[in-house]
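Since the structure comes first, as structure tokens, the remarks are kept for the end.
One-based numbering, in listed order, for ligands and for the atoms of each.
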Amino acid sequence: MTKSGFLALLMTFAIADGGPRALAAEGDPIKGKALYETHCLACHGPQGRGDGYRRFNPPVADLTSPQVLKKPNSQLLRSIHEGRANTAMGAWKWVLSEEETRDVLEYVLTFPR
Ligand code: HEC
């Protein structure tokens with residue numbers, strides 16, 4: 001493959017994956033902010049850095065970290081909806097509608113990285 005062909009391929013992946021992803025959960029970040037502050041802030045902290053409640057084991061995820069952000073939105077939506085087994089991250093499907101789950105993720109994706 002030529003060098004420019006390779007670069008074009010790389011860029012395709014960058015756009016498909018880590019590219020312009022903010023505001024990509026198809027939710028409303030304004031509504032999401034209110035939901036986040038009510039339901040998520042106490043654990044995840046005001047800017048998602050996992051600096052709310054610090055005594056869980058495994059610890060609260062830093063929502064601005066590559067470990068979390070490398071996951072596709074579909075997977076993060078599922079984590080919020082279903083919770084994470086054997087962690088303090090509970091299932092929010094009992095509290096948030098699917099639309100509200102998208103709103104809250106949309107807001108999470110606005111945090112400075
Ligand atoms: C009781 C504390 C607590 C609350 C409240 C909480 N979380 Fe979490 N959250 C956690 C913990 C602990 C983890 C790390 C789970 C793990 O290690 O897999 C986590 C992980 C996550 C992840 C990463 C999931 C993944 O697949 O890696 C996301 C996204 C997330 N939380 C979003 C939210 C949102 C949105 C809310 C509010 C609706 C919320 N959390 C409320 C404790 C909490």
*Taking Glu106 for the side chain and Gly32 for the main chain, is one N or O donor matched with an acceptor at less than 3.5 Å?*
no
*When you measure from the side chain of Arg54 to the backbone N and O of Gly50, does any donor-acceptor pair fall under 3.5 Å?*
no
*asked:* Can you list everything that forms a salt bridge (Lys or Arg N to Asp or Glu O under 4.0 Å) with Glu99? Sequence neighbours excluded, please.
replied: none
*Got a salt bridge between Lys93 and Glu82, using NZ or NE/NH1/NH2 to carboxylate O under 4.0 Å?*
yes
Contact table ligand 1 N or O to protein N or O, d under 3.5 Å:
{"from": "ligand 1", "atom 1": "7 (N)", "to": "His44", "atom 2": "NE2", "distance (Å)": "2.8"}
{"from": "ligand 1", "atom 1": "9 (N)", "to": "His44", "atom 2": "NE2", "distance (Å)": "2.8"}
{"from": "ligand 1", "atom 1": "18 (O)", "to": "Arg84", "atom 2": "NE", "distance (Å)": "2.8"}
{"from": "ligand 1", "atom 1": "18 (O)", "to": "Arg84", "atom 2": "NH2", "distance (Å)": "3.0"}
{"from": "ligand 1", "atom 1": "26 (O)", "to": "Lys71", "atom 2": "NZ", "distance (Å)": "2.9"}
{"from": "ligand 1", "atom 1": "26 (O)", "to": "Ser79", "atom 2": "OG", "distance (Å)": "2.6"}
{"from": "ligand 1", "atom 1": "27 (O)", "to": "Lys71", "atom 2": "NZ", "distance (Å)": "2.8"}
{"from": "ligand 1", "atom 1": "31 (N)", "to": "His44", "atom 2": "NE2", "distance (Å)": "2.9"}
{"from": "ligand 1", "atom 1": "40 (N)", "to": "His44", "atom 2": "NE2", "distance (Å)": "2.8"}

*So, does His81 use its side chain to make a donor-acceptor pair with the main chain of Thr101 at under 3.5 Å?*
no
_Aromatic plane relationship, Tyr107 with Phe111 - under 30° parallel, 30 to 60° tilted, over 60° perpendicular_ = perpendicular
